[in-house]
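The block underneath contains the structure these notes are about, expressed in structure tokens.
Letters A, B, ... mirror the listed sequences (proteins, then strands); counts begin at 1.
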Amino acid sequence: MKAKTKRYWLFKSEPSGFSIEDLKACPNKTEPWDGVRNYQARNFLRDDIQVGDGVLFYHSRIPEPAVVGACIVTKSGYPDTTAFDPKAKHYDPKSDSSAPRWFLVDVKLKKIFKRVVTLNEIKESAGLETMVVAQKGSRLSIQPVTEAEWKIIHDLAGDAIK
DNA sequence: GCCAACGTTGGC
DNA sequence: GCCAACGTTGGC
């Protein structure tokens, strides 16, 4: 039996909206990652992200943006129904249940890092300079991460990978 | 809170 | 299909 290749990702969130502590407080520490309204990010969510993939949880729009923990994907791409709800923050009248435009995955918290890895550190660390999040003007909220980058981030966080 | 970078929209 | 105008993101 051929094992599926595990992939790695980085998900951005503003902690004022949804933080890693909020995820920890969710039932089973699991929550649908809703509200993504960017086509490139949507394509990753719909087509590429699989159950078991690793996710780095990143806090943006704070004085020291940083990777703050790790999650695992527990459900792969399915329609983001918050787009159908006129009262929802990310309502999109152009998306409906017959032709959903936006997708999401479920993520489950694995660990909150005792030591966060800041954006500055990422930019200065050998092997991480090419991370998407370190690039100038990088706004993509769902980003691919290489296995090497995943490992280095965990090393910097003081969390050895089992 | 500013504003550069970037994505999307819509007139033509 | 071009591209100016507009809206949003996110580091600083």
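The pair A/Asp80-A/Arg42 does not count as a salt bridge, with every side-chain nitrogen at least 4.0 angstrom from each carboxylate oxygen.
Side-chain N or O atoms of A/Asp155 include none that pairs as donor or acceptor with a backbone N or O of A/Ile152 at under 3.5 Å. In this structure a side-chain-to-backbone donor-acceptor pair under 3.5 Å is missing from A/Glu31 to A/Lys29.
Taking the six-membered ring wherever Trp is involved, the centroid distance between the rings of A/Tyr39 and A/Trp102 falls below 6.0 Å.
Using a 4.0 Å heavy-atom criterion, one finds that A/Ile62 contacts no nucleic acid atom at all.
Counting heavy-atom neighbours within 6.0 Å of A/Lys6 NZ, excluding the residue itself, gives a total above 12.
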- Task: Treat primed atoms plus P, OP1 and OP2 as sugar-phosphate and everything else as base, then score nucleotides 5-10 of chain B 5' to 3': B for base contact with protein heavy atoms under 4.0 Å, S for sugar-phosphate contact only, - for none.
- Result: BBSSS-
